[in-house]
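Comments concern the structure below.
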Number of protein chains: 2
Amino acid sequence: MTDDTIIDRCEAKGLRMTGQRRIIAQVLDDARDHPDVEEIYARASKIDTAISLATVYRTVKLFDEVGIVDRLEFGDGRARYEDADRDHHDHLFDLRTGAVIEFVEPEIEALQEKIAQKLGYRLMGHKMELFGVPLDDIKPEKDA
Amino acid sequence: MTDDTIIDRCEAKGLRMTGQRRIIAQVLDDARDHPDVEEIYARASKIDTAISLATVYRTVKLFDEVGIVDRLEFGDGRARYEDADRDHHDHLFDLRTGAVIEFVEPEIEALQEKIAQKLGYRLMGHKMELFGVPLDDIKPEKDA
DNA sequence: GTACCTGCAAACTTTTTGCTACCGA
DNA sequence: TCGGTAGCAAAAAGTTTGCAGGTAC
């Protein structure tokens, strides 16, 4: 949405900015993928070896609670995180390779809003994940 | 889709039907909600006190793998399960009460199929969860 | 008969938390 | 200054697994 970094947004929300939080914020800002906590920890550790896993957990949880990052789950048991302040998109999970493809589909957004209202709700958020296999990678089935 | 019970479908798939599996299948057949493993275990235990939690875990995992039940995740860290052979539906999560409302929206289904194809994928499955608050339960904000 | 299944307990993975020392505003 | 924060290690929560005995087909 804006060009603010995560650090900017932390400060705007009045969070106390420690060295560790700055590093984690930077890691998340730089990420173009959807790292899990272990991965964020690994990247942060390259900058500051002393950072602890518990701090990473506490920090991403905090960032999620104040809406600075989004927590994603792709069903593999680990939570993944991404900067919340990007154009809204959903995810397609490549079942063959595990790759995550992002896409935006305004039609879906509008439809979801409509559905929620029809059910008597105000939509506060949503999650949509598609799971698929590449079209050019489907094995022939019964016919030779 | 059909009127087959879960037990019927297990047999159709050639699964060995033990007493425990029958009980768990029955519990899932009777469930109108989305129980987690602990809850399935509790319900199964009422029928057979000797059943073990490990068996429930193993069985729902098996049922999920062969497509007899669907595994759902609502972000609370536990997996939930429901009979896969019901009219397809998605879920709206009531943020105020924690209730889960099911809905069917063919337009969404069609759109998802289209999106996957546009991205070069064959859609194998999807998950969509809406999160909302009841319209008649929203606090007035700034205007009186 | 035998391959597969179960119960039990131990192990594993991911995430949270109690405590003490420390640091940012 | 001083209340929030970090690190560490222990614990919690959910799930999986090795093993020995049991069971469906």
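The figures that follow rest on heavy atoms only: side chains count, while hydrogens, waters and symmetry mates do not. Because the structure is predicted, anything quoted here is derived from the model rather than measured. Below, chains carry the letters A, B, ... as their sequence lines are ordered, and counting in each starts from 1.
- Linking ILVMFWY residues whenever their side-chain heavy atoms come closer than 4.5 Å, directly or via other members, leaves B:Met124 and B:Phe63 in distinct clusters.
- A side-chain hydrogen bond (donor to acceptor under 3.5 Å, both in side chains) check over residues 54-66 of chain B, counting only residues at least two apart or in different chains, returns the pairs B:Ser52-B:Thr55.
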Donor-acceptor pairs are to be reported for all side-chain atoms of residues 11-18 of chain A against protein atoms at under 3.5 Å, with residues two or more places apart or in another chain.
unit_1	atom_1	unit_2	atom_2	d
A:Lys13	NZ	A:Val66	O	3.2
A:Thr18	OG1	A:Arg21	N	3.2

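- A:Val56 and A:Ile47 fall within a single hydrophobic cluster, where Ile, Leu, Val, Met, Phe, Trp and Tyr side chains are chained together by heavy-atom contacts under 4.5 Å.
- Taking a cutoff of 4.0 Å between a charged side-chain nitrogen and a carboxylate oxygen, B:Lys114 and A:Glu105 do not qualify as a salt bridge.
- Residue B:Gly77 is the one, among B:Gly77 and B:Leu15, whose nearest nucleotide of DNA chain D lies closer to the 5' end (criterion: closest heavy atom).
- Rounded to whole Å, the distance from CD on A:Glu73 to P on C:dT14 is 13 Å.
- Here C:dT14 presents its C1' atom at 13 Å from NZ of A:Lys61, a figure rounded to the nearest Å.
- The stretch residues 18-34 of chain A touches DNA chain D through A:Thr18, A:Gln20, A:Arg21, each having a heavy atom under 4.0 angstrom from the strand.
- Distance, A:Glu38 CD to C:dT13 P: 10 Å, rounded to whole Å.
- Note: CG (B:Asp76) to C1' (C:dT16) measures 16 Å, nearest angstrom.
- Nearest heavy-atom pair, A:Gly67 versus A:Ala84, reported as atom, atom and distance to 0.1 Å: O-CB, 3.5 Å.
- Counting only residues at least two apart or in different chains, salt bridge (Lys or Arg N to Asp or Glu O under 4.0 Å) contacts with residues 27-42 of chain A comprise A:Asp33-A:Arg43, A:Asp36-A:Arg78, A:Glu39-A:Arg43.
- A:Leu53 and A:Val69 fall within the same hydrophobic cluster, defined by Ile, Leu, Val, Met, Phe, Trp and Tyr side-chain heavy atoms under 4.5 Å apart, directly or through other members.
- Clustering ILVMFWY residues whenever any of their side-chain heavy atoms sit less than 4.5 angstrom apart, transitively, puts A:Leu72 in a cluster other than the one holding A:Tyr81.
- Using a 4.0 Å cutoff on non-hydrogen atoms, the parts of residues 53-60 of chain A near DNA chain D are A:Ala54, A:Thr55, A:Arg58, ordered by number.
- Between A:Asp4 and A:Asp85, the shortest heavy-atom distance links the atoms O-OD2, 4.4 Å.
- B:Ile6 and B:Ala25 make their closest contact through CG2-CB, 3.6 Å (heavy atoms, listed as atom of the first residue, atom of the second, distance).
- Residue contacts shown for B:Arg16 include a base, since a base heavy atom lies under 4.0 Å away.
- A side chain to side chain contact (heavy atoms under 4.5 Å, CB included) with A:Ile24 holds for exactly one of A:Ile7, A:Ile51, A:Asp48; it is A:Ile51.
- Axis angle between the ends of the helix from C:dG1-D:dC25 to C:dA25-D:dT1, five pairs each and rounded to 10 degrees, works out to 50°.
- Residues forming a ring-ring contact (aromatic ring centres under 6.0 Å, His included) with A:Tyr41 (at least two apart in sequence, or on another chain): none.
- Along DNA chain D, read 5' to 3', the first and last nucleotides having any atom under 4.0 Å from a heavy atom of chain B are D:dG14 to D:dC25.
- Hydrophobic side-chain contacts under 4.5 Å tie B:Leu130 into a cluster, directly or through other members, with A:Leu92, A:Ile101, A:Phe103, A:Ile108, A:Leu111, A:Ile115, A:Leu119, A:Tyr121, A:Leu123, A:Met128, A:Leu130, B:Leu92, B:Ile101, B:Phe103, B:Ile108, B:Leu111, B:Ile115, B:Leu119, B:Tyr121, B:Leu123, B:Met128.
- Residues forming a ring-ring contact (aromatic ring centres under 6.0 Å, His included) with B:His91 (at least two apart in sequence, or on another chain): B:His34, B:Phe74, B:His89.
- Residues B:Leu62 and A:Arg78 both approach DNA chain C. Their nearest nucleotides, taken by heavy-atom distance, put B:Leu62 toward the 5′ side.
- At a non-hydrogen distance threshold of 4.0 Å, B:Ala50, B:Ile51 from residues 44-51 of chain B come into contact with DNA chain C.
- Qualifying side chain to side chain donor-acceptor pair (under 3.5 Å) partners for B:Lys46, counting only residues two or more places apart in sequence or in other chains: none.
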